[in-house]
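Just so it is clear, the values below take in all heavy atoms, side chains as well, and ignore hydrogens, waters and symmetry mates.
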Amino acid sequence: MIVCLWITHVHAVTHISVSADSISYDNIVLQQPRAKLDLQSGQQVKVDAARLQIGAATLDKPQIFLNVSRHPTLLVTSSALQSEHYQARNPTILLDYRTHPTQPILSLDAEIKATGDEIWGTFHLRCLVPPQASLQTWQCHDGLYQDVRSHIPFHVQVTPTLKSAAGATSLARGMEVMLNVNQARFSDAAGLHAGENLTGQIRLSAYEQADGWRWKGLFHWTQGELFWQPFYFAEGGKRFEISGFYQAPYLDIEQAQLSLDGVGTLHSKSRINLVSKDFELLTVNATDVDFNGVYKAFIQPLVAKSVFGSLNVSGKADWSFEAKGLQPLKFNLHIIDASVEDQNGKFGFSHFNANIPWDYERPQQISMGYQSGHVLQIPLGETKWQAEVNRFSITAPQLRLPLLDGALDFQDFSAAWINQSMVWHVKMDMQPISMRSFSQALGWPEMRGQIDGEIPLVTYANHALRMTGEMQFKLFNGKVGMSDLEIVDPLGAVPKLHANFNMRDIDLGEITRTFNFGSISGKLEGDVRHLRLQNWKPVYMDAVIQTADGPFEKKISQRAVENITALGGEGTAAALQRTFLRFFKEFGYEKIGLRCELRGDICKMGGVENVPDGFVIVKGQGVPAVNVNGYTQYVSWKDVLSRMQRVTDSNSKIIIK
């Protein structure tokens with residue numbers, strides 16, 4: 001250490017300066033300090049230094065001003081403070097005995113920001129220092145942090161403690177901290193975290209025990225809104241109690257209890273390695289929690305953009321979870337008499353029960369079922385399902401799904417979780433379902449016949465469902481086949497479907513009687529190639545529907561001609577404008593057909609053959625005969641659907657005079 005004296009007169013010393021390489025005390029290191037004492041006043045000391053190290057925090061170029069008068073003050077300033085998680089500009093620490101000589105005021109002020117953030121905020125805290133600082137309570141009021149996105153007022157109370165620890169012969173030192181936040185608001189730059197009008201209290205206490213610290217905490221949120229991507233909590237009523245033991249590097253959470261209004265209480269235990277940041281042990285369990293509360297708080301935010309994002313649910317649930325490191329070990333979910341209903345009417349299940357255990361070490365049997373349900377307004381009968389789950393795969397030899405007056409029989413179902421995605425396959429047989437019950441369920445005109453068929457294999461991988469083979473539907477005394485089915489992201493917000501359809505030997509008489517369309521005799525055939533649906537709406541297809549060739553009667557009634565003319569829309573003309581044809585009830589035809597090449601929302605129309613400036617929809621034959629021609633080639637798909645709706649709903653007619 002070097003001591004330097006400055007002398008302004010031969011026999012007068014006015015200042016004393018002291019410098020050193022460093023001064024250390026506990027975890028405080030003052031590097032290259034230089035102290036200057038003003039001998040004329042005898043009350044002021046100024047200390048400059050290159051750096052002040054306090055634990056992991058560093059003050060650059062600190063300046064310390066000490067006034068040792070009757071009511072002393074201590075002022076510490078710096079250009080910047082650096083730490084692992086935070087930075088500060090122009091930090092100021094003031095210890096002032098002038099207002100309360102027996103209980104001085106400690107003020108802390110700085111501009112601070114999180115490391116990596118671009119927004120600087122201001123921080124202020126004012127504390128009353130008790131006469132016995134190491135034994136009595138510190139009261140800190142008027143705490144405030146604010147920036148362009150945040151305003152967080154708070155109060156802090158810190159109390160040093162001495163407690164008798166189990167097995168110890170002396171008192172253990174400790175500390176209790178109580179933090180109150182009132183009407184706070186905050187948000188981050190990315191918009192992933194935000195709070196509004198947050199009011200609550202945090203209590204923390206800890207004391208030394210053996211080679212570590214015994215601690216506990218209470219977090220009580222009474223009001224305000226909190227968004228923590230993807231979760232949103234609209235109200236207060238949340239209480240979190242936690243306790244445990246800390247011995248480096250492990251933080252043991254021996255008991256944690258989270259109480260949520262409208263949900264229930266969750267219990268947890270864990271061990272965290274603070275060096276590696278790993279959860280070496282984690283257990284969570286909840287009993288008799290409200291299924292609707294769990295769905296709204298924890299499930300819905302995770303699946304908001306999927307088909308499960310808008311549900312009304314009810315019932316109770318028990319669940320538990322255990323993990324070691326990043327590896328889940330056990331899981332169990334027990335759902336009790338729940339109801340699930342999609343707000344968009346796509347599906348619903350009532351009296352749903354499930355027992356879903358899972359164990360990493362050994363296979364488990366799961367079971368679930370519901371009393372009734374529906375999919376797209378199609379009623380589902382009582383269903384029960386059992387399967388075996390073995391780590392990340394699940395298998396079931398058979399599942400029967402009652403559907404209207406028939407059923408879907410699934411065989412050899414197998415699924416597995418591979419590369420963060422679900423993969424599965426299944427075979428399916430459709431037991432005959434009457435078209436009458438099917439059409440009634442969908443609110444369609446009553447149809448005859450039945451649907452049945454067999455699907456050799458359905459697979460799901462890479463978020464896409466694919467069908468191998470062709471499924472046959474029997475209706476109107478003919479057959480409708482579906483092949484090359486592929487649905488991309490079927491449970492997502494915008495599913496996409498591709499398929500091909502073919503129709504053969506469809507009885508036109510049955511169709512026209514079903515839809516009260518008029519009378520047409522003969523057979524119908526058609527193909528819909530490369531059908532593409534986006535969000536279940538057609539955006540692409542090449543479709544042709546026409547009468548088949550064959551040795552059968554080909555007659556069409558006047559009413560059917562009028563309705564076909566209505567389907568053709570403006571620019572469609574029928575030969576009924578010839579006056580004498582209006583007296584005939586039916587006519588002969590050679591061919592009837594319509595084509596549509598759909599691209600986006602525009603359908604390029606066609607018929608059985610082309611004519612100048614148009615196309616033929618009905619080509620007459622024999623005596624009497626009638627022709628229906630169309631002249632509007634490009635029509636919006638919305639207009640095509642509206643024409644079909646008008647014809648089937650009200651039997652629109654074109655009156656030609």
The reported gap from NZ in K296 to CG in N312 (rounded to nearest 0.5 angstrom) is 7.5 Å

Checking E525, E470, K479 against N502 for side-chain hydrogen bond (donor to acceptor under 3.5 Å, both in side chains), the one that qualifies is E470

NZ (K523) and CZ (R504) are apart, to the nearest 0.5 Å, by 13.5 Å

Note: T468 and I455 closest approach over all heavy atoms is O-CG2, 4.2 Å

In this structure, CE of M428 is separated from CZ of F413 (nearest 0.5 Å) by 13.5 Å

d(Y540 OH, E597 CD) to nearest 0.5 Å is 8.0 Å

Validation row: Y360, E322 side chains within 4.5 angstrom (heavy atoms): no

R595 and G607 have their tightest heavy-atom pair at NE-O, 3.2 Å

Exercise for the section: Give the ring-plane orientation class for F349 versus F352, where under 30° counts as parallel, over 60° as perpendicular and anything between as tilted. Expected result: tilted

To the nearest 0.5 Å, atom OG of S414 lies from atom NE2 of H425 at 5.0 Å

So M605 and I617, do their side chains get closer than 4.5 Å, heavy atoms only? no

**Q.** L465 and V458, any side-chain heavy atoms less than 4.5 Å apart
**A.** yes

inquiry  = Tell me if the NZ atom of K496 is crowded by more than 12 foreign heavy atoms within 6.0 Å.
reply    = no

Note to self: A quick test of your reading: do over 12 heavy atoms of other residues, nucleotides or ligands sit less than 6.0 Å from NZ of K316?
What the structure shows: yes

| message | Is it true that E341 and H374 share a donor-acceptor pair across their side chains at a distance under 3.5 Å? | response | yes

Exercise. Report yes if the side chains of F476 and D505 come closer than 4.5 Å at any heavy-atom pair, otherwise no.
Key: no

Cation-aromatic face contact R149/F186, 6.0 Å, 45 degrees = no

| said: For a quick check under 3.5 Å, do Q371 and E382 share a side-chain donor-acceptor pair by atom type? | reply: no

For W536 and P490, the nearest pair of non-hydrogen atoms, with its separation, is CZ2-O, 4.4 Å

- [ ] Determine, for R185 against E196, whether the closest basic-nitrogen to carboxylate-oxygen distance falls under 4.0 angstrom.
- [x] no

Closest non-hydrogen atoms of G264 and V289, given as atom of the first, atom of the second and distance, are CA-CG1, 4.3 Å

(message) Less than 3.5 Å apart, any donor N or O on the side chain of S350 or S372 sitting next to an acceptor on the other?
(response) yes

Charged N to carboxylate O below 4.0 Å: is that the case for R391 and D359?
-> no

(message) Under a 3.5 Å cutoff, is there a donor and acceptor pairing between the side chains of H351 and D337?
(response) yes

Verify the distance criterion only: is there a donor paired with an acceptor across the side chains of Q431 and D409 at less than 3.5 Å?
yes

**Item:** pair V284-W319: side-chain heavy atoms closer than 4.5 Å
**Value:** yes

Would the number of heavy atoms belonging to other residues, nucleotides or ligands and lying under 6.0 Å from CD of Q343 be above 12? yes

Aromatic ring pairing W424/Y460, orientation class (parallel under 30°, perpendicular over 60°, tilted between) | parallel

(Q) Apply side chain to side chain donor-acceptor pair (under 3.5 Å) to residues N197 and Q223 and explain how you reach the verdict. (A) CA-CA 7 Å; N197 298 324; Q223 70 179 52; over 6 Å; no

- Do F321 and W358 make the cut of ring centroids closer than 6.0 angstrom? no

Closest non-hydrogen atoms of Q386 and S367, given as atom of the first, atom of the second and distance, are CG-CB, 4.0 Å

Taking every heavy atom of V389 against every heavy atom of P357, the minimum-distance pair comes out as CG1-O, 3.5 Å

Q) Taking the six-membered ring of F410, is NZ or CZ of R400 closer than 6.0 Å to its centre and within 45° of its axis? A) no

Under 3.5 Å, is there a donor-acceptor pair between the D405 and S434 side chains? yes

| request: State, yes or no, whether a side-chain contact exists between I335 and N353 at a heavy-atom distance under 4.5 Å. | output: no

>> Is a donor from one side chain sitting under 3.5 angstrom from an acceptor on the other, for N390 and S393?
In response: no

Fill in: Stepwise side-chain contact (heavy atoms from CB on, under 4.5 Å) check, D288 with D318
CA-CA 5 Å; D288 199 32; D318 302 334; 4.3 Å; yes

When rounded to the nearest 0.5 Å, the distance separating CG of N563 from CD1 of I520 is 9.0 Å

